[in-house]
There are 2 protein chains.
Amino acid sequence: MALPYKAHDLFLVAVDCIIFGFDGKELKVLLVKRSFEPAKGGWSLIGGFVKKEESVEAAAGRILYNLTGLTDIYMEQISCFSNPNRDPGGRVLSIAFFALIKIDDYPADLMEQHNSGWFPLYKVPPLIFDHRQMLQMAKAGLQAKAASHLIGFELLPKKFTLQQLQGLYEAIYETVLDKRNFTRKILSLNVLRKLNEKEKESSKKGAFYFVFDRRKHAKQTEKSMMFL
Amino acid sequence: MALPYKAHDLFLVAVDCIIFGFDGKELKVLLVKRSFEPAKGGWSLIGGFVKKEESVEAAAGRILYNLTGLTDIYMEQISCFSNPNRDPGGRVLSIAFFALIKIDDYPADLMEQHNSGWFPLYKVPPLIFDHRQMLQMAKAGLQAKAASHLIGFELLPKKFTLQQLQGLYEAIYETVLDKRNFTRKILSLNVLRKLNEKEKESSKKGAFYFVFDRRKHAKQTEKSMMFL
DNA sequence: GCAAAAGTGTTTTGTCTACACCCATGA
DNA sequence: TCATGGGTGTAGACAAAACACTTTTGC
């Protein structure tokens, strides 16, 4: 069969991933030092080219796996970036994704190996191409999503204290929340299970651990998570 | 200079536009009968291929202009659709946009010329490829955006009555709103200007026209528009 | 015994919801 | 004069915001 779409322009298509992590205090983004031209040596989002036989989602998953060794990473498409001059190396479209990982799941040896590093959002170095803009949109997308869906847990260890959870939301929204109001609200969502175990690092008294309970969550109709 | 990105796969890239219109009663989407293979004769979103020297936004604008003769159409990127089998005619990525137009701005003669037609959202015929899925996402995107931004006015004529405006939000959210609560809320946003002129078609008494006042709007901090 | 973080309730405020009648007009 | 849609206010329920002290325990 003759291909019906002759005579149209062809594009290289990349994906770039804004990988967020949370260290208990700050929201951070994972960047790599680019190892090839153009813009070799510049700080860059994690990216790569899409292959013909895969979707862009599959490509993002593959690239994240290659970098981190992790599968089933929470991921969401942000936008297609397509300014004709965005990449001096060629005519490349890029589909940006944000991804949420538990910061401890990304082993330090891989960080060295890939020349990558975590940067707090307010200390991000100059980025190549339009990656700064991608980061801005990813941050906005994360805020929007977290306002209505319980995605925060993707950024926390399996068990966490309420104060860590509150700190995460404070980091995402760059705001300060009232401890009592936050506790009441999050518990009223009925998606947490309290463990009989305390985190004793950061205080003498110790704070109870909680886990996100998917069973409970499935039973809830999603309430607003707007903490602002 | 040698191109640094050799040996990566190339893609055709299309844009598809979900064009919404509002006739005073129903939210509608503009579809065309496809005039070429594959899927010739099937109902399709309005689309076309992206050219090398333009962004996807520019491509969408060009395609909308070619179809409607309109410029400065409100438009928002939804998502990239990239399933390898989505288009039997070739390996085509598509970037979906939703677009909002004032339904009367699209002249009837152009509709005939392009074999296009307006369909209420609950009476959409089977669509080609993944266009149904695009439409679903566009609808969700419209609802999400309209909840926090005053984009509804893009779908209404310059002057409109409060009942038309309410009808629009009811159509977008597929719900029924209380007239008094709606009136109070929308007027409290302080973005409308009441005209000294009445619409007398649909009632004996006549309903005052309002216009969206961009000056007032600029002075407001965007409040929630959630009417649900 | 004291420093440091954990945990816990009440009051006030504002917002959302539900609800029904009179008005102006053209036919 | 009557049928039609236009326009308007209030009370109750609920949710959000503000706010401070006691508890635990390792040092």
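Just so you know, these numbers come straight off a predicted model, no measurement behind them. Worth knowing before you read on, the calculation uses all heavy atoms, side chains too, and leaves out hydrogens, waters and symmetry mates. Order of the sequence lines fixes the chain letters, A, B, ..., with proteins taken first and strands second; residue numbering starts at 1 for each chain.
When the options A:Thr71, A:Ile73, A:Asp72 are evaluated for a side-chain contact (heavy atoms from CB on, under 4.5 Å) with A:Tyr65, the one that passes is A:Thr71. The side-chain hydrogen bond (donor to acceptor under 3.5 Å, both in side chains) test with B:Ser202 singles out one residue from B:Lys200, B:Lys204, B:Glu199, and that residue is B:Glu199. A side-chain contact (heavy atoms from CB on, under 4.5 Å) with A:Phe98 is found for one member of A:Val29, A:Ile18, A:Asp16 and no other, namely A:Ile18.
Within the nucleic acid shown, A:Thr161 has no heavy atom closer than 4.0 Å to any nucleic acid atom. Across all strands, B:Lys179 comes closer than 4.0 Å to base atoms (heavy-atom distances).
Between B:Lys205 and C:dG26, a side-chain N or O to OP1/OP2 separation shorter than 4.0 Å is absent. A sub-4.0 Å separation between OP1 or OP2 of D:dA16 and a side-chain N or O of A:Lys185 is present.
The distance from atom CG of A:Asn181 to atom C1' of C:dT8 is 12 Å, rounded to the nearest whole Å. Between the CZ atom of B:Arg180 and the P atom of D:dT10 there is a distance of 12 Å, given to the nearest Å. As a whole-Å value, the separation of B:Phe208 CZ from D:dG7 P is 7 Å. In this structure, the CG atom of A:Leu187 is 13 Å from the C1' atom of C:dA6, given to the nearest Å. Taking atom CD of residue A:Glu199 and atom P of nucleotide C:dA4, one finds them 17 Å apart after rounding to whole Å. Rounded to an integer number of Å, the gap from CZ of A:Phe210 to P of C:dA6 is 12 Å. Atom CZ of A:Phe182 and atom P of D:dA18 are 16 Å apart (whole Å). Summarising the geometry, the separation between CG on A:Leu177 and C1' on D:dA16 is reported as 13 Å, rounded to the nearest angstrom.
In this structure, A:Lys194 is positioned above the aromatic face of A:Phe208, its NZ or CZ under 6.0 Å from the six-membered ring centre and within 45° of the axis.
Applying the 3.5 Å distance criterion, the base of D:dT4 shares no donor-acceptor pair with the side chain of B:Lys204.
Closest-nucleotide positions on DNA chain D for A:Asp178 and B:Ala207 were compared, and the one nearer the 5' end corresponds to B:Ala207. Across the interface with DNA chain C, nearest-nucleotide mapping of A:Ser202 and A:Thr183 shows A:Ser202 to be the residue nearer the 5′ end.
Side chain of B:Arg184, nearest nucleotide from C:dA6, D:dT10, D:dA18: D:dT10. Set against D:dG7, C:dT17, C:dA6, the side chain of B:Gln163 has D:dG7 as its closest nucleotide.
Comment: A:Glu154 does not engage A:Lys145 in a salt bridge, judged by the lack of any side-chain N to carboxylate O separation of less than 4.0 angstrom.
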